[in-house]
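The next block holds one structure in the form of structure tokens; read it before the comments.
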Amino acid sequence: MSEAIEKTTLIGKSITKPDAPDKSNGRTRYINDMVLPRMLVAKIKRSDRAHAKVLSIDTSKAAAVPGIQAIVTADDTPMVGVGVTKDNPPLKKDIVLSMRDELVAVAGETEEAVDKALALIEIEYEDLPAIFDPAEALEEGAHQMHDDKPGNLSLGYQTVHGDIKQAEKNSDHVLDEVYDVHYVTHVCMGPGCVIADFDTHGKLTMYTQTQYPYNYKMDLAPSLGMHPGDIRVIQPPVGGAFGSKLDVYPFEPIAVFLAKKTRRPVKLFFSREEEFSASPTRQPARFHIRAGVKNDGTLTFRDVDALLNNGSHTSWGATTPFVMMRTFTGHFRVPDVEFRSRAAYTNMPYAGSFRGYGNVQATYVTATVMDKLAEAVNMDPISFRLMNAQKAGEVTPQNSKLEECFLGECIETVAEKTNFLEQYNAFKAEQDSPGRYKKGIGIATSFHNAGGAKIHKSDGCGTVIMLDDYARATVITGASEIGQGIDAVLTQIVAEELGIPTESITLVNNDSAIGPWDVGVHASRTTFIAGNSAKRAARKARDQILDAAAQRSNVAAEELDLRGGSVVQNDNGVPVMKIDSLLRKMHFAGEDAELVITHDYYEPPSEPEGDNHVGDISAAYSHGAYVAEVTVDTWTGVVKLNKMTAVQDVGRVVNKLGIEGQMEGGIAFGIGYGLTEEMIIEDGEVKNPNFRDYKVMTAPEAPELEFHFIENDDPDGPFGAKGIAELPTIIPAPAIANAVYNAIGIRFNNPPLTPEKVARAIVEKQAAKVAAE
Amino acid sequence: MSEVNITLTVNGEKRHVSVAPGLSVLNMLRDKLDLTGAKLVCGEGECGACTVIVDGTSVNSCLMYAVELDGREVTTVEGLQTSEKLDPVQQAFVDKGAIQCGYCTPGMVMQTTHLLKQTGKPTEEQIRRGLEGNVCRCTGYTKIFEAVNQAAEG
Amino acid sequence: MMIEYEEYLAATSVAEATQALANGNVTVVAGGTDLMVQTAASGRGVGTTLLNVRRIADLRGVTVDGGRVTIGALTTITDMLTDGVVADTAPVLAETADRFASNQIRNMATVGGNICNASPAGDMIIPLMVLDADVELSSWVDGAVATRTVALNEFFTGPGKSVKTANELLTSVSFNRPAEGFVGQFGKTGPRPALEISMVSVGVGGVASNGSLTNARVVYGAVAPTPIRASKTEAALEGTSLDDASIQSVLDVADSEVNPISDVRASDWYRRHLVRVMTQEVLESVANV
């Protein structure tokens with residue numbers, strides 16, 4: 001027999017994405033590139049009023065345009081809503097509640113014909129008073145947007161722990177501040193797109209960008225008057241998602257209405273302007289926070305009131321307090337905590353889910369408040385955080401069990417790696433000295449679920465693994481690939497378990513008729529949940545193979561291992577047989593024949609929230625501590641982020657290349673939130689629906705990045721791994737804001753820190769100083 | 001509206017195409033020649049996802065009229081690879097993890113190709129400035145810079 | 001949205017192009033980087049014929065003849081970055097080109113197009129105005145190409161508007177070779193080096209000696225409906241020994257001379273603030289020459 005095969009591991013190595021080669025040479029067909037036989041193209045005519053009665057819609061001229069095959073309005077539909085609270089009928093009737101509201105859709109042979117037809121649709125409106133501010137919407141006498149929502153109240157959350165009044169009495173300092181966090185949006189490179197296609201049995205195939213294919217069927221079906229079982233979801237490659245495709249949005253059922261009417265495949269797609277103005281946003285909010293501290297630095301209480309602008313309809317944005325409250329109540333040891341939120345309907349755009357999900361907003365507040373409290377008790381930002389950091393075994397008021405907790409280690413590491421205190425003190429001393437450019441350094445921390453989040457009845461994921469006669473494995477997973485790299489991670493995990501090369505694995509995860517259920521790509525859950533499911537399915541395949549090998553050799557299964565495509569003896573690595581030849585023997589064994597086809601459905605050991613939002617909703621939690629180093633141009637107000645150092649508890653690195661990519665990309669979103677990205681919305685209209693005026697980070701602005709991963713195997717994670725991809729988006733903005741404070745002594749409770757905002761604050765500070773003198 | 005017949009070289013092959021005068025190069029490539037590598041993302045030259053090379057120079061194909069290509073030579077991301085192996089720039093993007101969703105990749109690869117032709121071995125600053133017209137929403141650019149460096153090393 | 005043109009014409013000479021223009025209803029395309037965006041946004045072109053002037057070979061390149069530097073209208077922004085004559089005579093034009101959009105757009109966009117687009121924020125216009133440039137406008141008159149020359153300073157009449165008539169083609173821009181000791185500076189601001197529509201841009205030029213400027217030129221972009229020559233600021237600057245106090249008084253004059261608006265990119269307050277700090281930056285660097 002051949003030479004011994006050493007035990008090696010793929011875990012922690014860099015694996016390139018299996019789909020990368022085809023993406024590098026233009027071969028990949030994204031949904032936007034797809035053309036089906038006899039396919040029509042379709043677009044939507046939207047309201048250009050923020051709030052109005054629709055008196056009439058005349059589509060006769062549009063219908064006469066050559067090539068137009070169908071026009072639909074609300075009258076052609078069941079008028080059943082989509083979205084989290086089903087308050088959003090795909091096509092609106094009688095009243096429009098926002099500029100984005102869908103009124104008519106047109107399908108035609110060519111885009112040119114559809115454009116012409118859209119321009120010829122005549123709509124008569126009668127304007128109604130519009131409300132853009134959520135506080136105004138909650139006032140007595142404000143017009144009610146939805147018949148069944150008195151007082152314009154959409155969703156509200158409340159969690160109460162301890163006695164705030166008493167805690168306030170016991171505090172030496174109480175901070176009382178208001179924060180306003182803004183609208184940003186995903187800016188996926190691939191604009192919104194869907195293709196609806198009925199087969200001759202009347203069953204529907206949706207080619208969609210969705211990142212939650214299984215519940216998508218359930219959420220879509222009622223708006224169509226269909227049974228979810230009659231919908232098949234196919235997920236072609238997408239140009240980014242980042243949370244924006246975690247709900248059903250009106251354009252998807254609209255495409256189906258048109259497909260049904262024409263009995264032809266219909267592709268409906270967004271312009272870039274629609275991508276900005278008619279896609280979900282990140283949830284904006286106003287926070288009133290009161291937070292207490294004792295002179296010795298001990299945190300005493302946090303009391304938070306959050307007012308959310310729900311917009312005209314409801315998607316996941318209005319539910320983000322669910323995540324916000326975990327941070328407000330659970331990040332750092334705060335004995336007495338309260339959180340209350342209300343989301344009020346207005347005539348504004350509505351928010352969906354977005355990488356970081358509520359925690360981006362909550363962390364901007366908590367991480368800057370921590371800095372302010374440290375200053376109030378004359379402590380430095382590091383020592384203050386360390387003394388209030390939880391330790392392993394502590395439990396947050398909402399029952400997040402921090403069985404292992406590396407918050408302190410993250411803070412200590414990042415402080416040491418950045419020489420934080422020395423720099424901090426030096427920059428602070430320079431604040432008021434002359435000079436145009438001021439440097440600053442700032443720290444921020446947060447925590448997030450890292451082992452799924454049990455917000456649905458199941459937080460599970462299924463996997464099927466099939467091995468063929470050549471030891472090639474097909475891995476069918478419920479987990480979606482949206483660019484984040486789960487394809488590489490699962491390939492790596494299965495290859496590790498089965499001792500076969502990564503090239504021998506084909507991943508299938510784009511068809512709901514083939515793949516087993518998964519709750520979707522969200523909540524930093526996929527590596528943890530889908531990874532565990534894949535690992536367990538692979539383990540079953542491995543056990544079956546080893547049992548078969550044991551039967552065919554004189555070695556017990558427990559003494560065998562799979563390495564390098566062979567069954568080997570565990571202790572010395574000596575090969576016993578090749579896996580592929582064993583698989584053939586198993587397959588062609590007459591009456592004892594067996595195929596290796598295994599499956600697993602993994603449900604994480606977490607619990608849904610009960611009363612008062614208490615529940616250990618995730619199987620793992622993770623902390624991160626990031627430090628930003630900035631230079632502020634005090635003349636122009638431009639904040640340059642020179643470097644971001646990120647220390648994060650990741651459990652275990654699975655794919656080094658992948659985790660770095662998720663950190664780097666996530667941080668870019670966080671930087672955008674803190675510095676440049678902002679949807680400018682006036683009277684309900686997005687005024688900067690383009691790349692020119694909505695500023696995403698470009699190559700010259702990208703800062704230097706340095707990462708340190710705290711690796712301690714999570715007991716429940718696959719190979720010890722935790723979910724990691726949201727903290728990088730959550731933490732950067734307040735780290736930057738704290739660094740700017742260190743540089744110029746000015747706080748910003750209203751990101752982003754745009755040049756104009758910073759310049760104005762500097763001028764005002766100087767004026768106040770002159771006035772005081 | 002009358003269409004105009006043009007003759008151009010696309011990825012080394014001579015092609016005859018009939019185009020409306022208002023048609024962009026990008027839409028011609030995608031709709032008439034089935035070359036869907038170049039992407040329509042912003043439609044205004046601010047993102048670079050539609051970058052192709054015309055007569056040796058990188059351009060935003062969404063801003064150029066197809067009729068202007070008469071008698072000229074265009075290279076798209078589909079045309080870089082000349083053997084079974086990926087082109088070195090493409091391979092570098094794969095190796096370095098510079099591709100996540102990949103929607104910006106065809107434009108990034110073409111602009112990198114142009115940059116390397118201009119600069120040979122670009123400095124860090126030249127890489128950043130060379131890619132300033134190409135937006136990536138997934139990667140934060142770090143791995144793209146690494147890929148450009150790998151490709152420059154050859 | 002694709003614009004429907006009835007006809008396409010690729011002119012290879014100024015004569016051919018101006019004859020086409022004389023027939024009326026023509027949309028001229030040079031680099032195309034502004035045209036495609038503007039027509040797509042409005043859903044219509046300005047004419048039924050799309051006239052491509054890009055193939056008029058004579059109109060690309062920079063030449064110097066005696067004391068006069070002439071830039072062909074079709075010279076690209078990338079050409080400006082690398083051109084030897086530019087580097088030799090007016091390096092401020094190359095410095096400005098370096099702050100212009102992106103590499104791909106610089107490769108396509110032309111100097112003539114940037115001028116004809118008549119944006120109050122058009123980057124190349126600023127240093128050309130600092131150089132007292134003139135533009136040459138050509139048209140077809142009585143069976144021949146006729147030209148007239150207009151000072152760039154007097155060319156613009158409003159956002160997107162100029163004195164150029166529908167039958168005229170901008171064929172070149174020229175300026176006197178700057179005097180010995182001339183310094184020119186261009187500034188725009190933002191977190192990005194180039195890919196920004198200027199919130200404010202500033203150009204300053206003059207002959208520097210002993211910390212003062214003579215024959216001073218001050219030009220601002222994006223602070224008025226057109227790029228403007230700030231003549232009062234120039235007067236205040238002329239021959240003034242530049243120290244902290246005198247710079248501040250020049251800035252006060254500049255502030256009185258600009259009339260910016262608030263829009264999605266910046267408020268009028270911030271534009272005024274930028275006028276001050278960017279002018280200060282340029283003047284301080286001139287003072288140190």
Side-chain angles (χ1 to χ4, degrees), chain B residues 1-6 19-28 31 40 42-72 107-108 110-112 114-115 118-119 122 125-135, chain C residues 1-12 26-41 43-55 74 76-79 81-82 97-109 113 190-197:
Chain B
M1 175 178 50
S2 57
E3 295 209 332
V4 180
N5 292 311
I6 61 170
V19 296
L23 188 73
S24 68
V25 170
L26 177 63
N27 284 341
M28 179 197 73
D31 298 341
L40 175 63
C42 77
E44 56 184 18
E46 295 277 331
C47 79
C50 66
T51 302
V52 300
I53 293 177
V54 173
D55 290 342
T57 299
S58 64
V59 300
N60 297 116
S61 66
C62 75
L63 297 182
M64 184 179 254
Y65 292 97
V67 282
E68 289 186 58
L69 288 182
D70 193 25
R72 299 173 77 180
M108 285 283 182
M110 296 313 289
Q111 183 57 20
T112 299
H114 178 67
L115 174 69
Q118 296 292 307
T119 57
E125 178 67 12
Q126 283 173 322
I127 294 173
R128 286 167 174 264
R129 288 299 310 274
L131 297 178
E132 71 191 326
N134 292 74
V135 170
Chain C
M1 189 183 287
M2 189 176 80
I3 307 309
E4 294 186 7
Y5 295 102
E6 284 167 17
E7 229 183 309
Y8 169 73
L9 186 64
T12 54
V26 170
T27 298
V28 176
V29 57
T33 55
D34 287 316
L35 181 64
M36 195 76 112
V37 177
Q38 289 163 359
T39 53
R44 57 177 186 275
V46 290
T48 52
T49 299
L50 182 67
L51 172 66
N52 177 10
V53 296
R54 195 66 185 256
R55 295 180 183 228
L74 296 177
T76 67
I77 309 302
T78 296
D79 293 341
L81 267 173
T82 53
D98 188 48
R99 309 289 303 276
F100 191 103
S102 66
N103 182 256
Q104 290 96 316
I105 290 178
R106 289 190 290 271
N107 290 340
M108 302 168 76
R192 300 178 182 176
L195 193 61
E196 296 264 14
I197 293 180

If you tally heavy-atom pairs under 4.5 Å between each of Gly48(B), Ser58(B), Gly133(B) and chain C, the highest tally belongs to Ser58(B)
### Message
Any side-chain to backbone donor/acceptor pair from Asn60(B) onto Gln104(C)? Under 3.5 Å, distance only.
### Response
no
Okay, Asp70(B) and chain C: the region with an atom under 4.5 Å from a heavy atom over there is both
- prompt: So, Thr27(C) side chain and Gly47(C) main chain: donor-acceptor pair closer than 3.5 Å or not?
  reply: yes
Contacts of Asp98(C) meeting salt bridge (charged side-chain N to carboxylate O under 4.0 Å, His left out) (sequence neighbours excluded), chain-then-number -> Arg129(B)
Sub-4.5 Å side-chain heavy-atom contact between Asn52(C) and Tyr65(B): no
Bottom line for Val67(B): the part with an atom under 4.5 Å from chain C's heavy atoms is both
The interface call for Ala109(C) against chain B, heavy-atom contacts under 4.5 Å, is neither
Per-residue tally against chain C (heavy atom, under 4.5 Å) across Met64(B), Gln111(B), Gln118(B), Glu44(B) peaks at Gln111(B)
Arg192(C) meets the salt bridge (charged side-chain N to carboxylate O under 4.0 Å, His left out) criterion, sequence neighbours left out, with Glu701(A)
The interface call for Ile105(C) against chain B, heavy-atom contacts under 4.5 Å, is both
Query raised in the report: Do the side chains of Val135(B) and Glu46(B) get nearer than 4.5 Å, heavy atoms only?
Result: no
Honestly, the part of Ala10(C) sitting under 4.5 Å from a heavy atom of chain B is neither
